[in-house]
Asker: 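Right, I'll just put the structure down here and ask away after.
If you read the sequence from its start, that first residue is 1, and numbering goes on from there.
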Amino acid sequence: PWMSAGEIRRLFLEYFQNEGHEVVASSTLVPKDDPTLLFTNAGMVQFKDVFLGGDVRSYKRAASSQKCVRAGGKHNDLDNVGYTARHHTFFEMLGNFSFGSYFKREAIRYAWRFLTEVLRLPKDRLWVTVFEDDQQAEDIWLKEVGVSPSRLARCGAKDNFWSMGDTGPCGPCSEIFFDHGETVEGGPPGSPEEDGDRYVEVWNIVFMEYNRGQDGTLTPLPSPSVDTGMGLERIAAVMQGVHSNYDTDIFRHLTEAASRALGIPHPSPHTSHHQQHHASSSLNVIADHIRSTVFLIAEGVVPQNVGRGYVLRRVMRRAIRHGFQLTGSKEPFFHRLVQSVVDVMGEAYPSLHAKQHDIEKVIKAEEHSFAKTLDTGMKLLDDTLRQMEQSDGVAQVPGEAVFRLYDTYGFPVDLTADIAREKGLTIDTQGFDQCMQRQRELSKTANKFSAATELLPSSAVASSVADTHTAFTGYDLLEGDAQ
Ligand code: ATP
Ligand code: MG
Ligand code: MG
Ligand code: MG
């Protein structure tokens, strides 16, 4: 049966509550007191110390629907957005957790029952994977749950040993995939063609057993625990009979709002026409990025040239550039999408309502700031790309151009890479790093002699100044001097 994302969220929490889990609210995207983490990237983050044994709660079982951002840091999906049907920078992770209360058997059974009995998914569309050394989990799936061996795969550590970050709780995991059917490209889990959108990973069940220390060594946790994560948008796609997350209720609302704000027709999801494909992938990027933008600003993150604020700026400028690409106009549009996010997320996150106006203001300011350099930067890049096309065999945008775009035009490196990728090209990151290094040294020497460096929006200067909106404008003043 068709089910809204909101209904799935409710059923999930209710199911685990009935199984003795405490329903815990989502924690913030900006992790409290955890310098090892850029943003909350999974449901377990707020329970990290409970797993490690340093924090004791009144409950041993919990369930949540957690806001997550995977842009920058260890789990970074920024580059996937626009290219896959299943990745977002902002998404919600449904999860159940056991702090020494139950382990593999119960965790696997709970997940299976929720999918096959509560959501009533057909068993033959579900595939499972286990960590290659985890005979125990494999036995539970095959002998107790009755999954067919033809739909079970053993996988290595890359996919089936989960870690929150470079340090912290970790352990082998077992994952459940949904087969969207042969109209979609992609191979079964564990196969070389796995990385398509046909067999989509919906639920990861992690058997938390270790803590990884600074030096990489694993020490056992005080008690074997469970941490699971199911992407709400992915299971919503399954329940709504669409293969792409971007065709679910929430995202349709957002892409439609985006095409209205941009004044372009909304492309039909079933067309294979090249142009339309590009348009819908740009709209998907915009729809995805407005959610992370809104939720990050709601927590006080502002676009900056350093740290979390720089991740936000990268997300925002990537979306703004896609809008520019669709219309050729640098008229601000992105801030006008805040309303649509409040429409679809405001019920689950009521605090968005009160912040809407402030969020719009921050976005608008960033749009104005980027508009100053967006089209000239794009012209420079287009020229460079055209030159490359003419000189056969050059497949990398030169580091100097990438640096100039970054330093003078406010194009984050991954933005330039994103544009190059649309043409099947890459960028010379090494060359970029060298330019960056040279700039740092230059500004060090300059510092000794004059105060004029304050005008230089060089990365070195810019990154030491927590400047919100005025970056990348001072260089114009110096451009004559520099040449
Ligand atoms: P994938 O292999 O598809 O990138 P993952 O293995 O990186 O996913 P996990 O770290 O296991 O993901 O996270 C648990 C669950 O969260 C996944 O099974 C998926 O349902 C969901 N999820 C992970 N990353 C994203 C994302 N970028 N956007 C939406 N949902 C996601
Ligand atoms: Mg991933
Ligand atoms: Mg995976
Ligand atoms: Mg996974």
Side-chain angles (χ1 to χ4, degrees), residues 69 71-72 77-83 88-90 246 251 254-264 278-298 301-305 308-341 356 358-382 402 405-422 457 462 467-473:
V69 163
D77 286 320
L78 184 57
D79 296 339
N80 283 325
V81 175
Y83 291 92
H88 305 297
T89 53
F90 171 94
Y246 292 94
F251 277 97
L254 297 176
T255 54
E256 278 163 16
S259 49
R260 269 197 310 277
L262 288 162
I264 59 165
H278 267 285
S280 53
S281 120
S282 286
L283 285 174
N284 292 349
V285 172
I286 293 167
D288 173 84
H289 290 8
I290 190 61
R291 289 212 309 173
S292 35
T293 297
V294 166
F295 276 89
L296 287 172
I297 298 174
V301 182
V302 289
Q304 285 180 338
N305 287 332
R308 297 187 172 111
Y310 195 56
V311 177
L312 172 62
R313 170 162 282 166
R314 284 157 54 199
V315 168
M316 293 175 77
R317 294 192 169 193
R318 193 168 183 258
I320 295 166
R321 199 282 305 185
H322 275 279
F324 179 71
Q325 160 149 310
L326 286 171
T327 60
S329 154
K330 48 182 193 173
E331 197 58 39
F333 71 97
F334 202 42
H335 66 283
R336 291 170 54 202
L337 305 180
V338 178
Q339 178 65 54
S340 61
V341 177
Q356 177 171 351
D358 288 339
I359 296 171
E360 285 165 351
K361 277 210 305 222
V362 173
I363 299 178
K364 205 168 176 182
E366 179 70 2
E367 289 193 90
H368 279 296
S369 149
F370 191 33
K372 289 182 194 147
T373 54
L374 174 59
D375 50 354
T376 29
M378 275 309 292
K379 216 175 142 292
L380 172 78
L381 182 53
D382 282 342
V402 180
L405 284 162
Y406 165 81
D407 197 50
T408 310
Y409 299 100
F411 280 43
V413 174
D414 55 309
L415 175 63
T416 303
D418 189 41
I419 301 166
R421 184 175 169 189
E422 287 169 2
D467 177 345
T468 317
H469 301 309
T470 55
F472 307 115
T473 52

Asker: Would you call Y409 and L381 a side-chain contact if the rule is heavy atoms closer than 4.5 Å?
Answerer: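 With C-beta onward as the side chain, the pair stays apart.
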Asker: Take R336 and E360 through the test salt bridge (charged side-chain N to carboxylate O under 4.0 Å, His left out) and record every step on the way to the result.
Answerer: CA-CA 7 Å; R336 291 170 54 202; E360 285 165 351; over 6 Å; no
Asker: For residues Y310 and Q304, determine if any side-chain heavy atom of one lies less than 4.5 Å from a side-chain heavy atom of the other.
Answerer: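 Contact flag for Y310/Q304 side chains = no.
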Asker: Give me the atom names and distance for the closest heavy-atom approach of V315 to A71.
Answerer: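 In terms of heavy atoms, the two residues are closest at CG2-CB, 4.4 Å.
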Asker: Rounded to the nearest 0.5 Å, what separates atom OG1 in T293 from atom CG in D288?
Answerer: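 Rounded to the nearest 0.5 Å, the OG1-CG separation comes out at 8.5 Å.
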Asker: Write down the atom of G377, the atom of L405, and the distance for their closest heavy-atom approach.
Answerer: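 Reported closest heavy-atom pair: O-CD2, 3.3 Å.
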Asker: Determine whether D358 and K361 make a side-chain contact, defined as any pair of heavy atoms from C-beta on separated by less than 4.5 Å.
Answerer: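 When only atoms from C-beta onward are counted, K361 and D358 do touch, with a gap below 4.5 Å.
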Asker: Restricting to non-hydrogen atoms, name the atom on V294 and the atom on I359 that form the minimum distance, rounded to 0.1 Å.
Answerer: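 Closest approach of V294 to I359: O-CD1, 3.8 Å.
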Asker: For a 4.5 angstrom cut-off between non-hydrogen side-chain atoms, does F90 reach H289?
Answerer: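 No. Closest side-chain heavy atoms not under 4.5 Å.
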Asker: Taking C-beta and beyond as the side chain, do M378 and I419 meet within less than 4.5 Å on heavy atoms?
Answerer: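 In contact.
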Asker: What's the spacing between E367 CD and M316 CE if we round to 0.5 Å?
Answerer: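 Taking CD in E367 and CE in M316, the distance rounds to 7.0 Å.
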Asker: OG of S259 to CG of L326: how many Å apart, nearest 0.5 Å?
Answerer: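 Here the rounded value is 9.5 Å.
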Asker: List the residues meeting ring pair (Phe, Tyr, Trp, His ring centres under 6.0 Å) with F251, not counting sequence neighbours, and say none if there are none.
Answerer: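 F251 satisfies ring pair (Phe, Tyr, Trp, His ring centres under 6.0 Å) with H88, Y246 only.
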Asker: Test your reading of the model: is there a side-chain donor-acceptor pair from T376 to the backbone of T373, 3.5 Å cut-off?
Answerer: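 Yes, because the side chain of T376 sits within donor-acceptor range (under 3.5 Å) of the backbone of T373.
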Asker: By the ring-ring contact (aromatic ring centres under 6.0 Å, His included) test, which pairs, at least two apart or in different chains, include something from residues 313-332?
Answerer: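 Qualifying pairs: none.
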Asker: So, is the end of the R421 side chain (NZ or CZ) under 6.0 Å from the ring centre of Y83 and within 45° of the ring's axis?
Answerer: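 Yes, R421 sits over the ring of Y83.
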Asker: Sequence neighbours left out, what passes side-chain hydrogen bond (donor to acceptor under 3.5 Å, both in side chains) with D375? Give chain and number order.
Answerer: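 Result, side-chain hydrogen bond (donor to acceptor under 3.5 Å, both in side chains) vs D375: K330.
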Asker: Would you say the ring centroid of Y406 lies under 6.0 angstrom from that of F411?
Answerer: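 No: the rings miss the under 6.0 Å criterion.
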Asker: Taking the side chain as every heavy atom from C-beta outward, state whether S282 and R321 have any pair of such atoms under 4.5 Å apart.
Answerer: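 The answer is no, as the side chains (C-beta and beyond) never meet within the 4.5 Å cut-off.
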Asker: Could you measure the distance from the OG1 atom of T89 to the CZ atom of F295? Nearest 0.5 Å is fine.
Answerer: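 The OG1 atom of T89 sits 11.5 Å away from the CZ atom of F295.
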Asker: Does the side chain of I363 reach to within under 4.5 Å of the side chain of I297, using non-hydrogen atoms?
Answerer: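 In short, these two side chains touch, coming nearer than 4.5 Å.
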Asker: Taking the side chain as every heavy atom from C-beta outward, state whether L78 and D414 have any atom pair closer than 4.5 Å.
Answerer: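 L78 vs D414: side chains touch.
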Asker: Before accepting this row, confirm whether a basic side-chain N of the pair R318/D418 lies closer than 4.0 Å to the acidic partner's carboxylate O.
Answerer: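 Yes.
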